[in-house]
**Q** 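Here's a structure for you.
Given the structure is predicted, the values throughout are model-derived calculations rather than measurements. Letters A, B, ... mirror the listed sequences (proteins, then strands); counts begin at 1.
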Amino acid sequence: YAHLNSRRVDSPQLGRPASPDVIRRMDISVGADGGGLPPGAGTVAQGRATYAAKCQMCHGEAGTGGIADPLTGGIGSLATAKPVKTVASYWPYAPPLFDYIRRAMPLTAPQSLKDDEVYGLVAYLLSVDGIVAPDARLDAGSLTRIRMPNRKGFISLEDRDFDGNAERIAPPVEGAR
Amino acid sequence: YAHLNSRRVDSPQLGRPASPDVIRRMDISVGADGGGLPPGAGTVAQGRATYAAKCQMCHGEAGTGGIADPLTGGIGSLATAKPVKTVASYWPYAPPLFDYIRRAMPLTAPQSLKDDEVYGLVAYLLSVDGIVAPDARLDAGSLTRIRMPNRKGFISLEDRDFDGNAERIAPPVEGAR
Amino acid sequence: LLMAGAITGGGLATSVFAAGRSPPPASMLQPGAALSGYGARSRSGAAIQRIVPELPFPGTGSSRTPLQLLEGTITPNGLHFERHHNGVPQIDPATHELLVHGLVRQPLLFRYEDLLRYPRESRVLFLECSGNSGALGAPEPVQASAGQLNGLVSGAEWTGVRLSRLLGEAGLTGEAAWVQAEGADAAGMVRSIPLSICLDDAMVALFQNGEPLRPEQGFPMRLLLPGIEGNASVKWLRRLKVMAAPAFSREETSKYTDLLPDGKAEQFSLRMGVKSIILNPSYGLDLHGAGYQEISGLAWSGRGSIRKVEVSADGGATWGEAALGGPVLPKALTRFRMPWRWNGAPATLMSRATDETGAVQPLRAAWLAQSGASKGYHSNVVQSWRVQADGKIAHVYA
Amino acid sequence: LLMAGAITGGGLATSVFAAGRSPPPASMLQPGAALSGYGARSRSGAAIQRIVPELPFPGTGSSRTPLQLLEGTITPNGLHFERHHNGVPQIDPATHELLVHGLVRQPLLFRYEDLLRYPRESRVLFLECSGNSGALGAPEPVQASAGQLNGLVSGAEWTGVRLSRLLGEAGLTGEAAWVQAEGADAAGMVRSIPLSICLDDAMVALFQNGEPLRPEQGFPMRLLLPGIEGNASVKWLRRLKVMAAPAFSREETSKYTDLLPDGKAEQFSLRMGVKSIILNPSYGLDLHGAGYQEISGLAWSGRGSIRKVEVSADGGATWGEAALGGPVLPKALTRFRMPWRWNGAPATLMSRATDETGAVQPLRAAWLAQSGASKGYHSNVVQSWRVQADGKIAHVYA
Ligand SMILES: [Ca+2]
Ligand SMILES: [Ca+2]
Ligand SMILES: [Ca+2]
Ligand SMILES: [Ca+2]
Ligand SMILES: [Ca+2]
Ligand SMILES: [Ca+2]
Ligand SMILES: [Co+2]
Ligand SMILES: [Co+2]
């Protein structure tokens, strides 16, 4: 990237250095590899209680049947005529679930959950379908080691220049009715 | 225009024939040749009275000094450093004055004047600078025969494809300060 | 006043409406409205509204551009489609900052007023939600307007700062291959984007059709990735993290991935395909009767310019090439028009676009064979409107 | 809540904002606004308003587009300049009709809904009032914003019916050479237009930037004459009369004629010249300090496309060629940009455009020599902004 990094003469160069403290405050993201997971822990039981109090109203009992996206169930349905995409059936990695719940849920009060509560919620949700044990206690390490059912379910289109459209795969059937 | 007039195949042809009566109702325009002037007549005295009642409030006494465009005076000023453009000094034809007053004035009640009132107003306004006699009575014929002071003051740009911009007349003085 | 009916010519009526004249319209008889600081639409123009569904959470979902009621290729800012994940935030530009960090030599913060001082570029571009036209996968054709079916696409002239300029200022390091973008909305939405796309024609957009961005389109700043599915053009842009690998966040795993019939899912299918839709006539815009009718619609491709659009009025048995409105721009909506004379017999109207790479818009059957009905994303199938004998128009599968 | 300052890493704080985190912005902590039918501008965006003067008659005069606050080449419909002669009428499209009569084989009436069924075309075009930049004739440079000085020009994507199509339907006769257009406003404004212009690229415009025209721009229909002075693009179009000669009405004699120093006046000077204006930096947009500064502005010509724009930062001693934003379209606004590094010393910025015919924007001195200071119309002189040592910007005559 030398050419790009040196392209400064026709630019005002107004970016101000960001300190590690500022970055830490602004970036709460967690990667698929568990990078960014905070200290803390939570159990299935704690998560069940938090879920009942803060999530059930929208996502339904045990993560399904509410007015919001279903979170549990559907494992094994992806190749059927009626695939059910849930956290349990479709997500490939567990750490991004921590990330998403912490940043975006509950819908009515985002970023209000404590880190321990988030660990508990992930534990509870993943225990519903037996992805983790009923007595599991999750922290950064154990959460990162979880292997989701759909871990191998995705095909990256990086080698196809990120173009997965039908017309780049099969030619149209000319004039077909 | 044969080619244009026959270009109908790719058009829906939705124009509905307009009767002479509809045209007469919609078209009150008067051309420079007096075409379109209605029956009726008005004198300078009648126009002065109408003017005082309906125009003076905006255009000022005798057509000047009000908050709206000056209508009188300025004859002979066009070539000076301070040209004064008025009906009297600048307009080339009288019939369009009838047209304009009837269609657009008074500003607060357009198309409320009777045709006789319009004849009177034109007579009065043009009498201020002696373009018509103080006792003039104008009708379609006499109004059309009026010769305005600036009758010959305009140069049509028809032969220059309607482009009178400075840069089509003289080349820019390159690099001048 | 004497009204219409008076004898014309030599009549002696003195009313202004003498000689058989009826009153001019009211608009010509009284002064109109004053000059104003920001014009409003006409009464009937104001009836054109985005299509807003009933939602359980009113800030989470999409509103659609009523494409069939609009013209040209520019969408008015107020009618640009919306897709939000937890509502439209009110952001104070004076306190909003953009952080560029991660695998860079120097992490940097940019204020809004800073970005306003950078070199700018303008591009006329479409933005399309990956889920646009997803209803075309339904077993039976949904009887809905072209906007209801396809309204998650809009076009605008966007102006902003080339993203590569900001990334270059921070200085990229050798392992950099992905960028995580984050929005300052209540979803804190994040998305991992290939660095190659960020260094291509991506911009941080600040203006839309000449004005500052509107809140729904990401004021004070948004990421704008030409030709890429709309969700990745993160609104209310707050943070860009240069990474070696994607974060595999919710939006690029649980959502915006393309499930195939075998249960696998294509991930990072980012570029939108070549597509066209007939907007006029279409469902809800029935024909008045046999005769001339212009067939008009929009075509676009995430790969670049539209090369041609073909139109059929016989369900695809024969095709004719439509005229493309100029200018034809890459990754922008292109208006196409085809003169047609309806003879009153039932007809099935279709359009099919080809882009500058030679890619041809797929027929629905071909798309289904490759994608499966539950894909839901990247639907660019050829659509069909059936003109019935009474002029009513139905959505059909040809 | 624990706030910034807490020790990071191994701290046992249980608050969501532990470990030295300060609260995210409010926009990320509560759901945002719901989806809406027609989006509104941001608070700061809404501060951008047309420049409306104090007028004795609030419907008679002009409001200007604040060009220096906008971007790109498309003017938002709400900010398009206005010029009215007795206010903005409210017209019911259901009862409005267009009459085509005069030297035609068959006089015709067209309803709004009729015109909506005709073949359409879209063009991105500028519209400029003949009096735009008239203040440049003042003996001393007026200290006012670029919008105040030049805001009687705007750009939009216009869509409508080619005028030649309607004239052809009525059928033109041999003597036809002029067309009188009339608006349904309280001025009943009429204008005689050469038939050659009406048969060229003229249209009856029905849409603007995708929406129906706004009332101030002539809803439900207006005449649109590309490259021709704005007044002749009659709004609220009601009647077209084909004639053998002009009517010499008020707008083409008393107004919109160009008085020369010898007292004669050029009449039917209809085409707008080649012109450019620097919008950034400009009066009111002072520089923050020495360093990089993009010079940006707009260029256009009533004759067609812009071929090039040259920019000078030394009062015209030397010139450099600016980059033109794509697409460069005929009779449309073209954005130009020039990188510049201000060294802190006083500088005089100028732009000069050349159009596709080779015509070059005139210097003020040359324009005055040909036109005289009292011309008032068709002012397209090269303008100059003086950047003072403190960064403040003044309007100067170079
Ligand atoms: Ca490229
Ligand atoms: Ca989004
Ligand atoms: Ca995708
Ligand atoms: Ca031409
Ligand atoms: Ca006008
Ligand atoms: Ca003129
Ligand atoms: Co989307
Ligand atoms: Co004007």
**Q** Is the backbone N or O of K255(C) less than 3.5 Å from a side-chain atom of K85(A), with the two atoms forming a donor-acceptor pair by type?
**A** no

**Q** Between D27(A) and K241(C), which heavy-atom pair has the shortest distance, and what is it?
**A** OD2-NZ, 3.0 Å

**Q** Which answer fits D262(C), side chain, backbone, both or neither, if we ask what part of it has an atom under 4.5 Å from a heavy atom of chain A?
**A** backbone

**Q** Please check if any side-chain donor atom of T253(C) sits under 3.5 Å from a side-chain acceptor atom of W91(A), or the reverse.
**A** no

**Q** Side chain, backbone, both or neither: which part of V382(C) has a heavy atom under 4.5 Å from chain A?
**A** neither

**Q** Let me know if I228(C) has heavy atoms under 4.5 Å from chain A in its side chain, its backbone, both or neither.
**A** neither

**Q** State, to 0.1 Å, how close R165(C) and S11(A) come at their nearest heavy-atom pair, and which atoms those are.
**A** CD-OG, 3.4 Å

**Q** Count the heavy-atom pairs under 4.5 Å between each of G263(C), A265(C), G302(C) and chain A, then report the option with the highest count.
**A** A265(C)

**Q** With heavy-atom distances below 4.5 Å as the criterion, would you say the side chains of T357(C) and R168(A) are in contact?
**A** yes

**Q** Looking at S379(C), A176(C), P56(C), G59(C), which one has more heavy-atom pairs under 4.5 Å with chain A than the rest?
**A** A176(C)

**Q** Shorter than 4.5 Å, heavy atoms on both sides: which option in W367(C), Y397(C), Y118(C) has the most such pairs with chain A?
**A** Y118(C)

**Q** Rounded at 0.5 Å granularity, tell me how far NZ in K264(C) sits from NZ in K152(A).
**A** 9.0 Å

**Q** Relative to chain A, which of G87(C), A247(C), G227(C) shows the most heavy atom pairs under 4.5 Å?
**A** A247(C)

**Q** Heavy atoms, side chains only, cut-off 4.5 Å: are W178(C) and E158(A) in contact?
**A** yes

**Q** In Å, rounded to the nearest 0.5 Å, how long is the span from CG of N165(A) to OG of S371(C)?
**A** 8.5 Å

**Q** Would you please name every residue forming a salt bridge (charged side-chain N to carboxylate O under 4.0 Å, His left out) with R307(C), sequence neighbours left out?
**A** none

**Q** For chain A, which of D185(C), L108(C), L259(C) has the most heavy-atom pairs under 4.5 Å?
**A** L108(C)

**Q** Would you check if there is a donor-acceptor pair between the side chains of S29(A) and Q180(C) at a distance under 3.5 Å?
**A** yes

**Q** When only pairs under 4.5 Å are counted, which of P194(C), A186(C), S254(C) shares the most heavy-atom pairs with chain A?
**A** S254(C)

**Q** Name each donor-acceptor pair under 3.5 Å that joins a side chain in residues 96-104 of chain C to protein atoms two or more places apart or in another chain, with its distance.
**A**
{"residue": "H96(C)", "atom": "NE2", "partner": "L237(C)", "partner atom": "O", "Å": "2.6"}
{"residue": "E97(C)", "atom": "OE2", "partner": "R16(A)", "partner atom": "NH2", "Å": "2.2"}
{"residue": "H101(C)", "atom": "NE2", "partner": "R239(C)", "partner atom": "NH1", "Å": "3.2"}

**Q** Are side-chain heavy atoms of I193(C) and F162(A) found at a separation under 4.5 Å?
**A** no

**Q** Taking atom CD as the centre, does E175(C) end up with more than 12 heavy-atom neighbours from other residues, nucleotides or ligands that are less than 6.0 angstrom away?
**A** no

**Q** Looking at E182(C) and M26(A), what are the two nearest heavy atoms and their distance?
**A** OE1-O, 3.8 Å

**Q** Among residues at least two apart in sequence or on other chains, which ones pass salt bridge (charged side-chain N to carboxylate O under 4.0 Å, His left out) with R303(C)?
**A** D163(A), E167(A), D355(C)

**Q** Heavy-atom distance under 4.5 Å to chain C: side chain of Y90(A), backbone, both or neither?
**A** side chain

**Q** Quick one: which residues of residues 50-70 of chain A reach chain C at under 4.5 angstrom, heavy atoms only?
**A** C58(A), I67(A), A68(A), D69(A)

**Q** Below 4.5 Å from any heavy atom of chain A, which atoms of S384(C) appear? Answer side chain, backbone, both or neither.
**A** neither

**Q** Do S249(C) and Y100(A) have side chains that approach each other closer than 4.5 Å (heavy atoms only, starting at C-beta)?
**A** no

**Q** Using a 3.5 Å distance criterion without hydrogens, assess whether the side chain of Q267(C) forms a donor-acceptor pair with backbone atoms of L157(A).
**A** no

